[in-house]
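Worksheet: one structure, shown below.
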Amino acid sequence: MLFANAPIAKTLRPCREESVDFDNTENLYIEGDNLEVLKLLQETYLGKFNLIYIDPPYNTGNDILYANDYSVRQEEYEEKYELDSEGNYLYTNTDLNGRYHTNWLNMINQRIRLAKNLLTEDGFFAIAIDHNELFNLGQVCDEVFGFCNRIGIITVVHKPEGRNQAKFIGPSNEFMLLYAKNETVAKLQNVVLDPEISAKYDKKDDAGHYRLQNFIRMTDGKLAYRSVRPKFWYPIYVDVTNNKISTNKSDLCVDCIEVYPKTKAGVEMSWKVLPNSAQELIENGNLILSVDKEGFITIMEKIREKQVIKTHWIRKEYNAIKYGTKIVNELLKANLFDFPKSLFLVEDVIKLCCPPNGMVLDFFSGSATTAHATILSNLRDNGTRKFVIAQIPASCPENSAAYKEGYKNICEIGKERIRRAGAKIKEENPLTTQNLDVGFRVLKCDSSNMKDVYYNPSEYEPSLFSGLSDNIKEDRTPEDLLFQVMLDLGVLLSSKIEETTIAGKKVFNVADGFLIACFDEKVTDETITAVAKQKPYYFVMRDSSMASDSVAANFEQIFAAYSPETVRKVL
């Protein structure tokens with residue numbers, strides 16, 4: 001809990017050259033330790049994600065964990081753990097370790113606590129796990145979310161033949177714990193996950209897919225007869241000419257026909273609901289009339305597409321080898337991943353838990369299955385879901401197939417998968433993907449753009465200030481500064497960014513004027529006045545950017561005259 005709440009001096013730096021459609025996409029790929037990433041997102045993405053789905057290390061005895069061990073001296077730490085390419089300490093959490101379960105639980109606990117803050121009030125948290133930590137993870141999630149918010153423990157059959165290396169019983173399934181942030185307002189999407197069930201709903205209108213069913217009560221045996229349910233025996237008036245029906249005769253023409261719940265054989269049955277409820281169904285377009293070749297009139301009900309979501313998921317498309325490993329390896333034309341999640345499993349989780357216009361977060365993104373599945377979900381239902389995925393750039397071993405294919409770390413594999421998956425989906429569906437967002441902005445977790453003096457000026461002797469004319473690190477770009485400002489001010493990192501030139505200076509316009517920033521040198525009154533006239537909510541510039549002392553003196557007065565409500569920030 002202490003580590004989860006400890007502050008960090010980090011930022012996210014944009015990387016245009018590794019992104020796809022940087023200026024237009026609303027998706028994010030973040031490289032970095034996910035604990036740091038979650039902390040950086042707390043302000044900007046508080047309560048923003050409809051679904052958080054993660055597939056963390058299962059603690060099988062061979063998993064690499066990232067250590068946050070500050071209780072030993074640096075020399076001991078360096079001996080105990082190895083460094084990855086990004087300077088993160090790694091260690092293998094073997095089952096011979098006396099803190100075997102504790103180490104894993106410390107790692108996952110911090111991240112779940114931070115993740116909960118990022119959920120919408122009606123959002124869902126889904127986490128995949130196997131038998132090794134199932135019971136411990138359940139206790140952690142019960143503690144963080146509350147037992148009342150445990151929606152279900154789902155069994156996913158991902159290897160029907162079972163693992164043959166097991167000592168006793170070969171596991172053929174894993175688990176997914178599903179929690180709501182607030183079960184009183186959370187609501188799963190009304191979707192059908194089973195294609196066989198979905199095929200039965202063969203008709204469609206503006207409200208979605210449906211099938212037709214006789215409105216006469218037919219399934220209750222003797223309880224469906226008129227004599228048993230006399231209140232459910234009443235006329236529905238039919239205007240065949242104009243194809244209209246109503247329980248109120250006055251709504252239709254004078255020569256309308258009375259239709260009672262009587263079968264073609266003449267058996268008097270009952271309608272399914274009382275008159276008021278039937279009229280409501282009519283007004284919602286869910287009761288219609290049908291006339292057969294012999295002129296017999298039947299009242300038909302539209303049964304909307306629905307499925308009882310069970311705790312046992314057994315679709316063949318959840319097979320991790322065929323629909324996880326094979327899909328990734330065929331897409332990347334190399335055997336790079338052993339056990340990625342089934343693409344269709346993650347797609348179903350997204351369809352079930354995230355509305356078509358929602359946002360999905362995955363901070364153990366691995367091969368980027370969640371990103372691929374989000375794009376695929378949008379293709380299926382014309383959705384506009386956005387994804388934010390995060391992955392630490394763990395190095396690929398030099399003897400691995402991935403390294404030999406030119407991938408230095410796991411993030412390079414994930415990004416390439418999204419590029420190829422997006423291109424393939426566009427190529428195969430040219431008519432329906434014109435507005436489909438298959439891009440992503442790459443952001444990399446790094447140290448702050450600001451020098452130490454910016455955060456701790458009291459620790460520096462006044463005599464040193466003359467040598468610290470700029471409190472921003474020399475290797476940082478204006479766009480680096482912009483994204484740190486967006487993080488600090490709570491502006492979505494996927495916001496539209498436009499670059500313009502005012503009086504010869506580059507100016508960033510973010511989210512249609514919500515934030516305007518200028519980090520060029522020698523900024524004059526002319527630039528500041530032009531910005532103030534646009535009346536942004538925020539304006540940010542560098543302290544060292546002022547062209548002269550007079551510009552600095554006029555800064556506040558210019559905004560006071562043209563846009564006094566603008567919040568001004570000087571770095």
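What you see is a predicted model, and the numbers here were worked out from it, not measured in a lab.
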Going from [atom1] on [X] to [atom2] on [Y], what distance comes out if it is rounded to the nearest 0.5 angstrom?
X	Y	atom1	atom2	result
Ile154	Leu177	CD1	CG	9.0 Å
Phe344	Tyr323	CZ	OH	7.5 Å
Arg13	Ser447	CZ	OG	7.5 Å
Glu36	Leu12	CD	CG	10.0 Å
Thr311	Leu178	OG1	CG	11.5 Å
Asp446	Gln484	CG	CD	10.5 Å

Side-chain donor or acceptor of Arg568 paired with backbone N/O of Thr566 under 3.5 Å: yes
Main-chain N/O of Arg441 paired to Thr25 side chain as donor or acceptor, under 3.5 Å: no
Partners passing salt bridge (charged side-chain N to carboxylate O under 4.0 Å, His left out) against Lys187 (at least two apart in sequence or in another chain): none
Output yes when [X] and [Y] qualify as a salt bridge under the 4.0 Å nitrogen-oxygen rule, no when they do not.
X	Y	answer
Asp23	Arg16	yes
Lys506	Asp520	no
Lys444	Glu18	yes
Glu347	Arg380	yes
Arg419	Glu416	yes
Arg542	Glu521	no

From CA spacing to verdict: side-chain hydrogen bond (donor to acceptor under 3.5 Å, both in side chains), Arg417, Thr369: CA-CA 9 Å; Arg417 178 190 183 171; Thr369 301; 2.8 Å; yes
Could you list the donor-acceptor pairs under 3.5 angstrom formed by side chains in residues 491-501, with sequence neighbours left out?
from	atom 1	to	atom 2	distance (Å)
Ser495	OG	Leu492	O	2.7
Lys496	NZ	Glu498	OE2	3.4

Intermediate values then yes/no, salt bridge (Lys or Arg N to Asp or Glu O under 4.0 Å), Lys404 and Glu398: CA-CA 7 Å; Lys404 292 173 183 177; Glu398 292 188 10; over 6 Å; no
Closest contact, heavy atoms only, Met176 versus Ala126: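 Taking every non-hydrogen atom into account, SD-CB, 4.0 Å.
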Any side-chain donor paired with an acceptor under 3.5 Å for [X] and [Y]?
X	Y	result
Asn34	Arg111	yes
Asp21	Asn24	yes
Lys386	Thr374	no

Does [X] have any side-chain hydrogen bond (donor to acceptor under 3.5 Å, both in side chains) partners at least two apart in sequence or in another chain, and if so, which?
X	result
Thr44	none
Thr433	none
Lys181	none

Chi angles and distances behind the side chain to side chain contact (heavy atoms under 4.5 Å, CB included) call for Asp122, Asn182: CA-CA 6 Å; Asp122 60 353; Asn182 183 346; over 6 Å; no
Residue pair Phe363, Leu38: steps toward the side chain to side chain contact (heavy atoms under 4.5 Å, CB included) verdict: CA-CA 8 Å; Phe363 51 88; Leu38 287 168; 3.8 Å; yes
side-chain hydrogen bond (donor to acceptor under 3.5 Å, both in side chains) between Asn149 and Glu183, intermediate numbers included: CA-CA 5 Å; Asn149 288 313; Glu183 60 90 18; over 6 Å; no
Residue pairs, two or more places apart or on separate chains, that pass salt bridge (Lys or Arg N to Asp or Glu O under 4.0 Å) and touch residues 354-377: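 Qualifying pairs, neighbours excluded: none.
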Residue pairs, two or more places apart or on separate chains, that pass salt bridge (Lys or Arg N to Asp or Glu O under 4.0 Å) and touch residues 133-155: Arg113-Glu143, Asp142-Arg150
Sequence neighbours left out, what passes ring pair (Phe, Tyr, Trp, His ring centres under 6.0 Å) with [X]? Give chain and number order.
X	value
Tyr403	none
Phe559	Phe539, Phe555
Phe145	Phe125, Tyr179

Under 6.0 Å from the [atom1] atom of [X], do we count more than 12 heavy atoms belonging to anything else shown?
X	atom1	value
Glu121	CD	yes
Lys326	NZ	no
Asn435	CG	no

Pairs flagged by ring-ring contact (aromatic ring centres under 6.0 Å, His included) wherever residues 32-53 is involved - sequence neighbours left out: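 Sorted pair list: Tyr45-Phe49.
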Chi angles and distances behind the side chain to side chain contact (heavy atoms under 4.5 Å, CB included) call for Glu26, Asp437: CA-CA 8 Å; Glu26 294 186 75; Asp437 185 358; 4.0 Å; yes
Contacts of type side chain to side chain contact (heavy atoms under 4.5 Å, CB included), residue His158, not counting sequence neighbours: Arg163, Glu174, Ala320
Geometric class of the Tyr537/Phe514 ring pair [parallel <30°, tilted 30-60°, perpendicular >60°]: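 It falls in the parallel class, under 30°.
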Aromatic ring pairing Phe508/Phe519, orientation class (parallel under 30°, perpendicular over 60°, tilted between):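 Because their plane-to-plane angle lies in the 30° to 60° range, the rings of Phe508 and Phe519 count as tilted.
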